[in-house]
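Each chain gets a letter, A, B and so on, in the order the sequences are listed, and its residues count up from 1. Fair warning: this is a prediction, and the values are worked out from it, not measured in the lab.
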2 protein chains.
Amino acid sequence: MAAMRKKKAVKTPKGDQTSKLILDTALEMFRERGYEQTTMRAVAEKAGVSLGNAYYYFRSKEHLIQAFYQTMHDEHVVLVLPALEKLDTMKARLLTVIRLKIDVMKPYHQFAGVLFKTAGDPQSPLNPFADEANAVRVASIQLFEKVVEGTKARIPKDLRAELPYLLWVYHMGIILFWIHDRSPKHRRTYRLIDRTVEMVDKMIYLASNPFMRPLRKHALALVDELRDAAEDIMDQEEEPK
Amino acid sequence: MAAMRKKKAVKTPKGDQTSKLILDTALEMFRERGYEQTTMRAVAEKAGVSLGNAYYYFRSKEHLIQAFYQTMHDEHVVLVLPALEKLDTMKARLLTVIRLKIDVMKPYHQFAGVLFKTAGDPQSPLNPFADEANAVRVASIQLFEKVVEGTKARIPKDLRAELPYLLWVYHMGIILFWIHDRSPKHRRTYRLIDRTVEMVDKMIYLASNPFMRPLRKHALALVDELRDAAEDIMDQEEEPK
DNA sequence: GTCTATAACCGGATAGAC
DNA sequence: GTCTATCCGGTTATAGAC
């Protein structure tokens, strides 16, 4: 019922190739010059296709970024799955997943600024909470499900159920920080990860205490409601236009 | 050393008037048609000035929004100060300040979407964390200082010092939610305010417990560091033109 | 039906004359 | 301080080729 406007179908192998060519060229230029500095005209020229053609495959400049999200996620998964096999504590698993995410995104740091530019704009296809990003977001949250599943810690069911989503939101926050972080080698971000993962770990432990049950219930109900609201909002915002 | 690029100085009364005329016209059109739908050309025409002239007073379309922030804040303060006089609990004071903020912004709901559009973009003049918004942000945080000052609750010094900033961040989150909220009369947002204010209140109480001291210290150190990092980032990002 | 190219259009932004 | 004339780049319309 939703999501009727996917990317162009691309049925032929030739079209497939052209599409990939354009995307690769664009990402390369984004990496080198940044997003704003890269014009659609320049991408088309460098890829050796016409401007019209570029727009045939990507509905807008922003849609190129959507494709970028997907690419990043795929690379991340490839690294994360084998790494998780050897770890069994929440802290270690979480640390690994988040560090690897930053590792994967590193080459795109200067371009990444634009990723969150419209993260708050409901209309934008860039919005990771909006419908068009759904596939990537869902897949991304699933990764955090794996993180939680593989731990031995005793976590109350109610919390355990929401944890993947909460961790995903947390990881988005880290990415937001990283985007702005220009310290050498992103040292600051890695330090932030170390510290916050430790805190998150402590807080999960704390929240699992029977003594905290009322506050926990209250907070989780709120999280749930926030998520519902977010979904309603996206439903509304798919229609217009 | 920073902040050398203020808004145009506007020295003459005539310029002052033109500037105000343009801003008022723009805000009116934003309210009616939304931000994207309002072109600079249309604003200029309706205000009876040339396009170039509009750009003489406002360096970009986004700079008009900067002026909007200021307007909202001014109106908010006028309502908040007298209202606070009669209240002495944290919960009541916080509730009042945040509800009033939403009340003030209400007429601009449909336009407000754009406010956070670039909240994550370090380069944007729209970014409330960036330098150009400084004056408004500082003033806004001061309001939360007043909220905290006026309460009788026993709050440890370390927390008390950071609280205004934390509450400001919290209130930004509420605004972000409100922007996306299309429930009738923004009922959802007001409900969210009620619930989260209660939770915040509880958490302050909890965090004030001696038992929580280590975690609190840890968390506050982190907040401090985050803020420092944010400032560094802004310093870096002022330079590059 | 799949793909490619050319020529506009539109609106944000700037240059430079007055 | 104000205007006119342009630029520039995202986007669209359209016409056709395969």
Side-chain angles (χ1 to χ4, degrees), chain A residues 5-23 25-26 29-30 33-68 111 114 117-118 121 123-126 132 241, chain B residues 5-23 25-26 29-30 33-68 111 114 117-118 121 123-126 132 241:
Chain A
R5 50 207 182 135
K6 281 279 159 250
K7 268 192 276 298
K8 208 119 264 166
V10 181
K11 302 239 159 80
T12 76
K14 187 176 175 198
D16 215 12
Q17 218 184 334
T18 310
S19 167
K20 187 173 175 347
L21 172 66
I22 294 168
L23 176 59
T25 308
M29 293 181 80
F30 288 163
R33 278 198 265 284
Y35 182 75
E36 311 286 353
Q37 304 314 315
T38 304
T39 72
M40 289 298 277
R41 283 167 174 84
V43 171
E45 189 176 357
K46 183 156 183 180
V49 301
S50 72
L51 178 62
N53 201 5
Y55 273 96
Y56 177 76
Y57 289 103
F58 298 92
R59 282 225 285 290
S60 76
K61 199 177 172 184
E62 288 194 345
H63 277 78
L64 284 166
I65 293 168
Q66 191 52 42
F68 168 78
F111 146 68
V114 85
K117 191 178 160 185
T118 42
D121 178 10
Q123 312 292 350
S124 169
L126 256 188
E132 299 201 52
K241 166 52 189 9
Chain B
R5 34 157 188 190
K6 281 282 159 245
K7 269 193 275 298
K8 207 119 268 164
V10 182
K11 302 232 163 86
T12 76
K14 186 178 176 195
D16 214 13
Q17 218 184 335
T18 310
S19 167
K20 186 173 177 345
L21 172 65
I22 294 169
L23 177 59
T25 308
M29 294 182 79
F30 288 163
R33 277 198 265 285
Y35 182 75
E36 312 287 353
Q37 305 313 315
T38 304
T39 71
M40 289 297 277
R41 281 168 173 83
V43 171
E45 189 176 357
K46 185 156 181 180
V49 302
S50 73
L51 178 61
N53 201 200
Y55 275 97
Y56 176 76
Y57 288 103
F58 299 92
R59 280 224 286 289
S60 76
K61 199 177 171 184
E62 288 194 344
H63 277 78
L64 283 166
I65 293 169
Q66 192 50 41
F68 168 77
F111 146 67
V114 84
K117 193 177 159 188
T118 41
D121 178 10
Q123 312 293 349
S124 169
L126 254 187
E132 298 201 53
K241 174 52 189 343

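Summarising the geometry, the separation between CD1 on Ile22(A) and P on dG10(D) is reported as 15 Å, rounded to the nearest angstrom. Distance, Phe58(B) CZ to dG12(C) P: 15 Å, rounded to whole Å. The OH-P distance, from Tyr57(B) to dG12(C), rounds to 20 Å in whole Å. In this structure, Glu36(A) atom CD and dC8(D) atom P are separated by 17 Å, rounded to whole Å.
A close approach under 4.0 Å does occur between a side-chain nitrogen or oxygen of Ser50(A) and OP1 or OP2 of dA5(C). At least one side-chain nitrogen or oxygen of Tyr56(B) sits closer than 4.0 Å to the OP1 or OP2 atom of dG1(D). Thr18(B) has a side-chain polar atom (N or O) that falls below the 4.0 Å cut-off from OP1 or OP2 of dT2(D). A close approach under 4.0 Å does not occur between any side-chain nitrogen or oxygen of Asn53(B) and OP1 or OP2 of dG1(D).
Taking both residues in full, the closest heavy atoms of Val43(A) and Thr25(A) are given as O-CG2, 3.9 Å, listed atom of the first, atom of the second, then distance. When all heavy atoms of Ala26(A) and Leu64(A) are compared, the closest pair comes out as CB-CD1, 3.9 Å.
The aromatic rings of Phe30(A) and Tyr35(A) lie tilted to each other, with the angle between the two planes from 30° to 60°.
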(request) Between protein and nucleotides 13-18 of chain C, map the contacts as a letter string: B base, S sugar-phosphate only, - none, heavy atoms under 4.0 Å, written 5' to 3'. (result) BB----
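The OH atom of Tyr57(A) sits 13.0 Å away from atom CG of Leu23(A), with the distance rounded to the nearest 0.5 Å.
Leu51(A) is linked by a side chain to side chain contact (heavy atoms under 4.5 Å, CB included) to Met40(A), Arg41(A), Tyr55(A), counting only residues two or more places apart in sequence or in another chain. Scanning for side chain to side chain contact (heavy atoms under 4.5 Å, CB included) contacts around Lys20(A) gives Asp24(A), with sequence neighbours left out.
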